Amino acid sequence: MFKRVAGTKDILPAQVSIWQSLEAISREVFNLYNYKEIRPPLLEESGLFNRSLGETAEIVQKQMFLVKKGEDEFALRPEATASIVRAYIENNLDKLQSFSKLYYIGPMFRLERPQKGRLRQFHHIGCEAIGSKDPYVDVEVVSLANTLLARFFIDEYTLHINSLGCPQDKKKFADFLRASLKGKVARLCEDCQARYERNVFRILDCKNEPCRAVIKALGLNNEHLCKECAQHFEVVKAGLGELGVTYEVSPLLVRGLDYYTGTVFEFKHKSLESQQDALGAGGRYDTLSRELGGPDKGACGFAFGIERLLLVCKEEKIAPAVKPLVFLILLGDQARQKGAKVLNDLRSHGIAADTDYESKSLKGAMRKANDFNARFVAILGEDELRKETISLKDMQSGQQREVGINEITQIISNSGPMVDGR
Ligand code: HAM
C-alpha cells in the first residue's frame, strides 16, 4: 500500500473547513489593507532561490526539492518572496502600479527532518509590498500580520523586531561579529563553527546553550546601524507603538535569508516548541528587486505558516457556519426517479440537499441523515408518490407534516436561514 511522503499531510474533509476559514479571514483582512492576490507557479528555476536566499542559506544548502531535466534545474518553491519579486519584474508590475501590494496563500516545500510544526510540504499565508522604502510600509505590514493573529483568535504570542540595516551596515555587523568571536570559535557548536565563515549571522539564533552564552556576552545593541537606518528603525518602532502593537526589540534576531535588509520581525508562540516556535516572520528586502535584474524598489513582507497557526488558534471561534442540509429518503425506484428532480430543484434554489445512495432501508437512511446532522428529513415513498406529497420532518422542532411535492422548495426556503441571501 502506498503511503504519503513523510512530512506531508492529507488535509481531510473534516479539517478543510477550518483551513477555508483561515483563508477567508485572511482574504478579508488583506482586502481591508488593499492587497491583491497573486498566484505564482510552485516550480521555479532553482537559481532564483540560490540568488535570492543566498548560497549559504540553510534552505539552499540542504532543503530544496530539486528536479533536474537535461541542463535545467528546477526547484519546488521553498518560499514565495523570491517568486513574487521575479513575477513583479517579469510582468512589469512596476509599470502598472509603481507600488504593488500583493498577497498569497499556498504550499511551500522544504526537505526538512519532519516533526511537529515542521513539514516538508507546508503552507504560507503571506504578503509582499513592493515599491517603497517608506518606514510606514513596515508599520503597516507588521500591524497587518498582528491583525491577522487577532482575527484568528491567537494570543500569547510575542512579536520580536530588529533592524539589520543597509548592505553596508550588514557587512559592518558581520565583520564585527567575526572579530568579536575570533578567539571563541572553539566554544561554539559544530554547526556554528561552520557558520563562522559561511554565515556568521546564523550563530546569533543558535539554540545551543554554549553558543547562546558566548553571544550573550557580546552585549549586542544595534550599534552597527548607520544614521539613516537607525532613524528608519526609530520611525517603525514609534509607528507600531502608536498603533498599540506590542513588540520586543531583539538584537539577536537576524533571519536566515540573504535578502533581508533593515527591519526584520518574527512572531513566536510560547506553547510551541522552541525550535519551531515561529508562527510567522518577515522583513524588508530593499535590494532583492535590483539583485534579480529589476528596478530599484524597496519592499517588505511576511509569511505565516498555516500548520503552526492551526496548532494555536481557537478553532471553535473561527469554524465556519455549516450550511443546513435537507436529506431526502427515497423508498422504491419510482421515488428515486422523482427524488432526483426534487434534489435538483432544492439545489438550484440554493438549498443544500442530499440523499442516501447506499442503504435500502428507512432505518439505515435515517441513521445517515443523523450522521449529516440534517436540518430537515423528507421521505418519499409509494404512498406519498400516489398523493403527490412528501413527508417533511423538521429535525429541530421534531414536527412532521405532509406537504405537496411541488411546494417543498418554497416551504423550506421560507423556513429560515437555509439559503445564503440569494
Ligand atoms: P520563513 O521564516 O522561512 O520566512 O517562513 C515563514 C513561516 O513559515 C515560519 O515562521 C513558520 O511558521 C513557517 N514554516 C517555515 N518552515 C516550515 C516548515 N518546514 N514546516 C511548517 N512551517 C514552516 C519566509 O519564508 C519568508 N519568505 C517570509 C517573508 C515574506 N519575508 C518577507 N516576505
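One-based numbering, in listed order, for ligands and for the atoms of each. This is a predicted model, so every value here is computed, not measured.
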Give the C-alpha distance, both sets of side-chain angles, the deciding distance and a yes or no for ring-ring contact (aromatic ring centres under 6.0 Å, His included) between His124 and Phe122.
CA-CA 7 Å; His124 271 170; Phe122 59 99; 5.3 Å; yes

Could you check [atom] against the protein and tell me its nearest heavy-atom contact, residue, atom and distance included?
| atom | value |
| --- | --- |
| atom 22 (N) of ligand 1 | Phe122 CD1, 3.6 Å |
| atom 13 (C) of ligand 1 | Gly305 CA, 3.7 Å |
| atom 32 (C) of ligand 1 | Gly301 O, 3.3 Å |
| atom 21 (C) of ligand 1 | Gly117 O, 3.3 Å |

Pull out every atom of ligand 1 sitting under 4.0 Å from any heavy atom of [X], numbered as shown with elements.
| X | result |
| --- | --- |
| Arg118 | 19 (N), 20 (N) |
| Tyr260 | 26 (C), 28 (C), 29 (C), 31 (N), 32 (C) |
| Tyr104 | 30 (C) |
| Glu79 | 25 (O), 26 (C), 27 (N) |

Side chain or backbone, does [X] bring an N or O within less than 3.5 Å of an N or O on ligand 1?
| X | value |
| --- | --- |
| Thr81 | yes |
| Phe304 | no |
| Ala278 | yes |

Using heavy atoms and a threshold below 4.0 Å, how should the contact between [X] and ligand 1 be classified: side chain, backbone, both, or neither?
| X | value |
| --- | --- |
| Glu128 | side chain |
| His124 | side chain |
| Leu279 | backbone |

Can you tell me if Gln115 has over 12 outside heavy atoms packed within less than 6.0 Å of its CD?
yes

Between [options], which one has a non-hydrogen atom sitting closest to [atom]?
| atom | options | result |
| --- | --- | --- |
| atom 20 (N) of ligand 1 | Leu119, Leu288, Val85 | Leu119 |
| atom 25 (O) of ligand 1 | Gln63, His123, Arg110 | Arg110 |
| atom 19 (N) of ligand 1 | Arg255, Glu307, Glu112 | Glu112 |
| atom 26 (C) of ligand 1 | Phe267, Phe302, Tyr259 | Tyr259 |

Taking the six-membered ring for Trp, are Phe176 and Phe173 parallel (under 30°), tilted (30 to 60°) or perpendicular (over 60°)?
parallel

Does either side chain, that of [X] or that of [Y], offer a donor lying less than 3.5 Å from an acceptor on the other one?
| X | Y | value |
| --- | --- | --- |
| Tyr33 | Thr147 | yes |
| Thr81 | Tyr259 | yes |
| His269 | Glu156 | no |

Checking the side chain of Arg77 only, and the main-chain atoms of Glu44 only, is there a donor and an acceptor separated by less than 3.5 Å?
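No.
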
Please determine whether any non-hydrogen atom of Phe109 lies less than 4.0 Å from an atom of ligand 1.
no

Check for me whether Gly126 has a heavy atom closer than 4.0 Å to any atom of ligand 1.
no

Could you point out which residue of Asp205, Val200, Asn199 forms a side chain to side chain contact (heavy atoms under 4.5 Å, CB included) with Ile203?
Val200

Using a strict threshold of under 4.0 Å (side-chain N to carboxylate O), is an ion pair present between Lys133 and Asp296?
yes

Check Asp286 with Lys297, please: is the shortest side-chain N to carboxylate O separation under 4.0 Å?
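Looking at Asp286 together with Lys297, the answer is no, because their closest N to O distance does not fall below 4.0 Å.
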
With Arg284, the side chain to side chain donor-acceptor pair (under 3.5 Å) member among Thr261, Thr263, Asp138
Asp138

Is it true that Tyr103 and Phe30 have ring centroids separated by less than 6.0 Å?
yes

